[in-house]
Each structure stands twice: as C-alpha cells, then as structure tokens.
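Excluded from the calculations below are hydrogen atoms, water molecules and symmetry mates; all remaining heavy atoms, backbone and side chain alike, are included.
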Number of protein chains: 2
Amino acid sequence: MKQNEHTVVIVDDHLLLSGSLEKLINSFDGFSVLYHASNGKELQQKLKTHKSQPDIILLDINMPVMDGFETAAWLTDNHPEIKVLALSMEDDEKVILKMLQKGAKGYLLKDIHPDRLKIALQEVMDRGYYHSEKVAATLLHSIQPSYNKEEVKFKQNELTFLQLACSEMTYKEIADVMSLSPKTIDGYRQELFNRLHIKNRVGLVIYALKNDLIKI
Amino acid sequence: MKQNEHTVVIVDDHLLLSGSLEKLINSFDGFSVLYHASNGKELQQKLKTHKSQPDIILLDINMPVMDGFETAAWLTDNHPEIKVLALSMEDDEKVILKMLQKGAKGYLLKDIHPDRLKIALQEVMDRGYYHSEKVAATLLHSIQPSYNKEEVKFKQNELTFLQLACSEMTYKEIADVMSLSPKTIDGYRQELFNRLHIKNRVGLVIYALKNDLIKI
DNA sequence: TAGAAATTGGGGGTTTTTCCTGTGTTGAAT
DNA sequence: ATTCAACACAGGAAAAACCCCCAATTTCTA
C-alpha cells in the first residue's frame, strides 16, 4: 500500500462481484483494497487480526450469517471512524432508510456505472457521504408529505394476527398462540376486513403479499 | 483484440458488476470483452451493428425490458453458434432448468470465486458447457427419479378452480362462473386438499403462489 | 379530571367452508 | 358383455368463518 492511499474492505458474499470489484478499485488512483469478507462475522474477525484498518467498508446487505444491517450497526458502535458504504441491488425505500439509520454514510445501487464508484469513494472520503442519484431521489421522496396515499399502519397485534392469518391456522389456533380470546381475534379480523376493503381470508393473504407483509 | 483470443459479451444491468467483470475477464489469458449490454434488446442491436461476433455471452437473468430467459431463447434461435453462459444469483431449481431449456450452455452463480470464472469460460470453449458445483448438484437432483415427490399435474377444470379459489369469490360464485354444481366444486376442493396435503383455502393460495400457478 | 378513544372480549346469529359417504353416467379396457 | 375408473353431483352435518351489537377496562388527551 502506497502512502496517502485510501484503503477499502469489501464485504459481500458474491465472490465474483467482490473479486472483480477489487481489481476495479485497485485500478483507481488513490484507492486500494485491503481484504474481503463474505459476511459480518468474518469482517469482525478480520478487523481484529489485521493491523491496519480500512478507511471505507463497502457493505452488501443480503448476506448469510450476519447481514448488512447488523454489520452496519455494529460498525457504527465499534468503529465509528470507518465509513460504511452500502452496496445493494435493492432500491426499496424502506431498505435504504433502514441502512442509513444503522449509520451507513452512503448507499450505492449495483447498477451504477463503474466510474461512479470512484466518485463515490472520493466523495465519501472528502465530504463524508455519497448517494446514488436514485437513492437521493428516494430519500427526497421519503420526506415528502404523503397526501392521498392513505397511510395504512398496523398495530403490533394486528400485524401479528394478519401474518398468522396467512397461514393454515384457524382463528382459534391464532388466538391460542397470541394468548388472546377468539373474540378479540375476530375483532381484529373485522377491523382489518373493513379497513382494507376485503371480503375474506384469501383477500387478506393477497393484501399481505402485495404489501410485502409476508414472504412466501 | 489479439489473435486466437476468445471474445465475451456481458449482458447485465448491474453496471458495477459488468464493468468490473470486464476488467477481470480482460486479465484472463486468452479472453477479452467485446462490449456490454444492459438487457436483451440492447444486445440484439449491438449484435447487428458490431462486425465481430462474440464466442460467449455472459447473460444475467433479472433484467428490465428483455430478461435472460427471452434473450437466451432468442440467441438459441438466431445465433446458435454463440455460447450462452447464464450468470445469476438464484440457485432455484426451476430457474436453472428453465434457463438451460432456453439453450444456455452453462449456469454460474454469482457467488463463485473469480478464478472459477476463467475455468468456466475455458470449459465452455473446450467442452461446450460448464456448471457451478451447486448447479450441477441441482441438475443431478432434478433428474433423479422422484419417488415420494409425487408429480402434481392439474386437469384444466381443476386448475381453473384452483386459480379462482385464490380470489375472494365464494365456492358458490366459482361454481356459477364455471357452470358447475357447487357440489362438483366441493369435489375438486376435497381432491386438491388431499393431494396437496393442505388444510384450507389459505393453504391453497400459498401452494398456488409457491408453484407459480397464479400471479399477484 | 372528565370524556374520548383504543383494547379486549362476550352474546348470538348467518353463511361458508370443510368433510365423509354414496349414486348415476360415461367411456375405455378386458 | 362386464369391469373399472373418472367424473359430476347429492345428502347431511360439523367446524370455521363471517357479521353486528354491546360492555368493561385502560389509556390518551383536551
């Protein structure tokens, strides 16, 4: 490593990406890759054993073992001096916001042009943050007031019921696992049916799927 | 491009990956990247305008406009001499099989080690095909005789019922639109519940979703 | 601190779903 | 000609889902 060079660590379980990314970054003037890790746990260990710390960590979100959210949170707590740049395919507003709340200094989408990566690394070192255009737009959107997009929020119990109702359990069984009376469960059901304008449990499942409330 | 060098075209909408992948492949002895495309449509155009054809096309599956399946099918029909190597994150058996049916000569998972990519390219040129270990295992599994994994086929009426049952209609309504007696519909229901080992209509919806019988 | 709102759940009813068993008809195979 | 399998459908009944109205308690809030 040359002097005055900024160092990067890549945390991604897609070896093909991280491997070729390393070549790319090493070709950038002023940046070099220290090492890789394929998940958060591995990163924790390597941070301990390697003497020199990276300036920037390029962090993927979807990883086995210890995902990007957990890892970012841990890094913010334990290594606040290291700048975390999230690198992900998802431009889902909720994911982006969550990642930034965990302390990421920037969020890059994997569909950016390679040249952009250099700009991103430079900006993070210079100004302390960087975001893809799409991400910036998403962020802007997230702070806009939402006029007609009727806000559908769920209380914790309601959400739990809704998710359980998307399984093969009967309402009686749901009442049991939630330690509530079947009548209360029936109350949740009626309330949700009315609010979401649905006719039966099938409608509930469809709604939950369309709104990412459950995973199949 | 040097003589005797094999040429590669990358089709992927993740510019970051395709950009750094290019660097990687160009560093391989005997391989060089001709150009990129970020979807099937773009590839079609570039194949027309560029005079020299690639030996191999590295093809992502998830793309906007014209996805990997469509593109692979088109390539097989129109450029059978070009070897298509699918490159994807999904190790879902159905996806792999579908891609190979469309004519792909190989299937690489994005979590393979960069060194593997060179082997894959080499193998495709030498032997005509290459698969990741995981993919090979999946393929092997898929051709094993399925003893207990009973083949689930649906008769036309059964399938229609199943799909309608995934809406908010009552069985009575389904019977009406299918011009059958509610009792017949009930017969379909019982038969399906038994065959698919499900307990109620929610189970039916989940099953239909998992098996791509309906779209949300 | 009174009143409103949210939370929980009971009473009691109808409709739909779920389940089991049985019957007549048809068309193909023996 | 008989047997067999499939299909469409019926009767009957229990369980679950669905629906409306009401009440006690807590919690928020004006």
Which nucleotides of nucleotides 23-29 of chain D have their base under 4.0 Å from a protein heavy atom (B), which only their sugar-phosphate (S), and which neither (-), written as one string 5' to 3'?
-------

Closest approach of Arg201(B) to Glu168(B) (non-hydrogen atoms, all atoms of both residues)
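Minimum heavy-atom separation between Arg201(B) and Glu168(B): NH2-C, 4.4 Å.
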
Using a 4.0 Å heavy-atom cut-off, does Leu180(A) contact any base of the nucleic acid, only the sugar-phosphate backbone, or nothing at all?
sugar-phosphate

Please classify the nucleic acid contact of Thr184(A) as base, sugar-phosphate, or nothing, using heavy-atom distances under 4.0 Å.
base

Enumerate the residue pairs fulfilling side-chain hydrogen bond (donor to acceptor under 3.5 Å, both in side chains) with a member in residues 172-182 of chain A, sequence neighbours excluded, ordered by first and then second residue.
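side-chain hydrogen bond (donor to acceptor under 3.5 Å, both in side chains) check on residues 172-182 of chain A returns Lys172(A)-Asp176(A).
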
Measure the distance from [atom1] on [X] to [atom2] on [N] and round it to the nearest whole Å.
| X | N | atom1 | atom2 | answer |
| --- | --- | --- | --- | --- |
| Ile174(B) | dA8(D) | CD1 | C1' | 17 Å |
| Glu168(A) | dT17(C) | CD | C1' | 14 Å |
| Leu204(B) | dT17(C) | CG | C1' | 13 Å |
| Ile185(B) | dT16(C) | CD1 | P | 15 Å |
| Glu191(B) | dT18(C) | CD | P | 15 Å |
| Leu196(A) | dC18(D) | CG | C1' | 16 Å |

Does the side chain of [Y] come within less than 4.5 Å of [X]'s, by heavy atoms?
| X | Y | value |
| --- | --- | --- |
| Lys110(B) | Asp60(B) | yes |
| Val11(B) | Val9(B) | yes |
| Trp74(A) | Gln44(A) | yes |
| Leu47(A) | Tyr35(A) | yes |

So which protein nitrogen or oxygen atoms get under 3.5 Å of nucleotides 19-21 of chain D's nitrogens or oxygens?
unit_1	atom_1	unit_2	atom_2	d
dC19(D)	N4	Asp186(A)	OD2	2.9

If you only use heavy atoms from C-beta on, which nucleotide in dT16(C), dC18(D), dG9(C) is closest to the side chain of Ser181(A)?
dG9(C)

Selection from dG9(C), dA16(D), dT18(C) that lies nearest to any side-chain heavy atom of Arg201(B):
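Of all the options, the side chain of Arg201(B) is nearest to dT18(C).
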
Is there a donor-acceptor pair under 3.5 Å between the side chain of [X] and the backbone N or O of [Y]?
| X | Y | value |
| --- | --- | --- |
| Asn200(B) | Gly203(B) | yes |
| Thr184(A) | Leu180(A) | no |
| Asp13(A) | Ser38(A) | no |

Five pairs per end, C1' atoms only: what is the angle between the end axes of the helix from dT1(C)-dA30(D) to dT30(C)-dA1(D), to 10 degrees?
30°

Quick check on dA15(D): is either OP1 or OP2 less than 4.0 Å from any side-chain nitrogen or oxygen of Tyr171(A)?
no

Thr160(B) and Gln156(B): side-chain donor and acceptor closer than 3.5 Å?
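A donor-acceptor contact under 3.5 Å links the two side chains.
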
Judged by modelled atom types alone, do Tyr171(A) and Asp186(A) share a side-chain donor-acceptor pair under 3.5 Å?
no

Donor-acceptor pairs under 3.5 angstrom involving side-chain atoms of residues 117-124 of chain A: please list them, not counting sequence neighbours.
unit_1	atom_1	unit_2	atom_2	d
Glu123(A)	OE1	Arg127(A)	NE	3.4
Glu123(A)	OE1	Arg127(A)	NH1	3.2
Glu123(A)	OE1	Arg127(A)	NH2	3.3

Where does the angle between the aromatic ring planes of Tyr207(A) and Phe154(A) fall among parallel (under 30°), tilted (30 to 60°) and perpendicular (over 60°)?
perpendicular

Within 45° cone of Phe193(A) ring axis and under 6.0 Å: Arg189(A) NZ or CZ:
yes

Under 3.5 Å, which N/O atoms of the protein pair with N/O atoms of nucleotides 4-7 of chain D?
unit_1	atom_1	unit_2	atom_2	d
dC7(D)	OP2	Lys155(B)	NZ	2.8

